[in-house]
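Shown next, in structure tokens, is the structure this report addresses.
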Amino acid sequence: MNKRFGIGFDLDGTLWNSLEAVSWSWKSAVKDIPGVKVPTDEMIKGVMGMPPRGIAINLFPEETEERAMELFDICTKVEIEHVAKVGGILFDGLEDTLEYLSAKYPLYIVSNCQKGYIEAFLSFHRLGKYFCDTENAENTGLSKGKNIRLVMERQGIEETVYVGDTAGDCAAAKEAGVPFIFASYGFGSVDEPEKSIKSITELKELF
């Protein structure tokens, strides 16, 4: 009997580019808070894909960790509302690729984002029908690798690959014990990935 095979995806830098909407949200959320330095676009780009704590301490390095997390919560509330209204930039050929893959395999998203962010992506761009499951770091408090395993267990997926665009995504796949496909068109870099793609559409050729 063939094992149930699924394909997992990171979100930012893999399925879409929401940097403009996210940057606007974070800067707007803190610009009027006394004493808080507004993060730059470059700083915000640099933390895309990090877990919540990593984002907070990197964007607000002059604050205590507790205060940085408070600011993170303020920013993400603005972010979810804004992203849900304006969406982001889907990578070329994304929906056609998802339609093709989802007809053959269960697809899922695992991200280090906060609650509501994946939902905003799926709702605004009407892509929810292509995915069987999603999970995020805020919801479980687990690492991305453990969340990949969690979704696999929930969906009865015995074998999978994980597609992402950062070294953190590669490490998560390794932690989960699954193959990794590097989305080289995204935000990050990975040293000598075993498999890489220059466009999301290349997945149709692989699967």
Side-chain angles (χ1 to χ4, degrees), residues 1-18 48-52 54 90-122 125-207:
M1 181 180 295
N2 292 333
K3 292 185 177 180
R4 181 170 164 83
F5 178 83
I7 303 174
F9 295 90
D10 170 52
L11 180 49
D12 291 328
T14 302
L15 300 179
W16 75 343
N17 180 347
S18 64
M48 297 291 272
M50 288 185 181
L90 301 181
F91 289 114
D92 290 343
L94 176 65
E95 185 161 7
D96 286 345
T97 301
L98 294 177
E99 183 177 16
Y100 171 84
L101 294 175
S102 64
K104 302 173 69 176
Y105 312 105
L107 309 182
Y108 61 92
I109 298 173
V110 172
S111 171
N112 277 334
C113 63
Q114 64 277 15
K115 295 177 183 178
Y117 186 74
I118 298 175
E119 292 78 4
F121 161 75
L122 295 175
H125 294 287
R126 301 180 181 179
L127 297 174
K129 60 187 175 182
Y130 300 119
F131 296 94
C132 69
D133 207 345
T134 68
E135 195 54 89
N136 66 80
E138 184 181 19
N139 188 51
T140 65
L142 300 175
S143 67
K144 184 174 282 189
K146 290 180 179 177
N147 278 333
I148 291 171
R149 297 301 307 185
L150 180 63
V151 172
M152 291 176 67
E153 292 169 10
R154 260 195 324 238
Q155 297 299 326
I157 295 172
E158 298 170 276
E159 294 183 350
T160 192
V161 296
Y162 186 68
V163 186
D165 69 307
T166 68
D169 293 331
C170 183
K174 184 176 182 180
E175 179 188 8
V178 303
F180 175 68
I181 298 176
F182 174 48
S184 64
Y185 53 85
F187 296 140
S189 61
V190 173
D191 292 334
E192 299 182 355
E194 291 186 11
K195 189 68 181 178
S196 65
I197 53 175
K198 296 180 180 179
S199 167
I200 191 74
T201 60
E202 291 183 28
L203 292 177
K204 291 194 291 185
E205 300 171 11
L206 292 178
F207 299 102

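Since the structure is predicted, the reported quantities are computational estimates derived from the model, not experimental observations.
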Donor-acceptor contact below 3.5 Å, side chain Arg4 vs main chain Gln155: yes
Measuring only between side-chain heavy atoms, which start at C-beta, is Met152 closer than 4.5 Å to Tyr108? yes
Donor-acceptor contact present, side-chain Tyr117 to main-chain Leu11, <3.5 Å: no
Results of ring pair (Phe, Tyr, Trp, His ring centres under 6.0 Å) for Tyr130 - residues two or more places apart only: none
Backbone of Gly6 reached by a side-chain donor or acceptor of Thr160 within 3.5 Å: yes
Value rounded to 0.5 Å, distance of CD in Glu99 from CG in Leu127: 11.0 Å
Do the side chain of Ser111 and the main chain of Asp10 share a donor and acceptor less than 3.5 angstrom apart? no
If we count only N and O atoms by modelled type, under 3.5 Å, do the side chains of Asp12 and Ser18 hold a donor and an acceptor together? yes
Is there a donor-acceptor contact under 3.5 Å linking the side chains of Glu175 and Ser143? yes
Kindly write out the residues that satisfy ring pair (Phe, Tyr, Trp, His ring centres under 6.0 Å) with Tyr100, not counting sequence neighbours, or none if the list is empty. none
Taking NZ, NE, NH1 and NH2 as the nitrogens, is one of them in Asp96 or Lys204 under 4.0 Å from a carboxylate oxygen of the other? no
Within the supplied structure, the quantity of interest is the number of heavy atoms (other residues, nucleotides, ligands) at a distance under 6.0 Å from Glu159 CD; does it exceed 12? yes
Between Asn139 and Lys115 (side chain of the first, backbone of the second, donor and acceptor by atom type, cut-off under 3.5 Å), is there such a pair? no
Here the gap from Phe182 atom CZ to Thr166 atom OG1, rounded to the nearest 0.5 Å, amounts to 8.5 Å
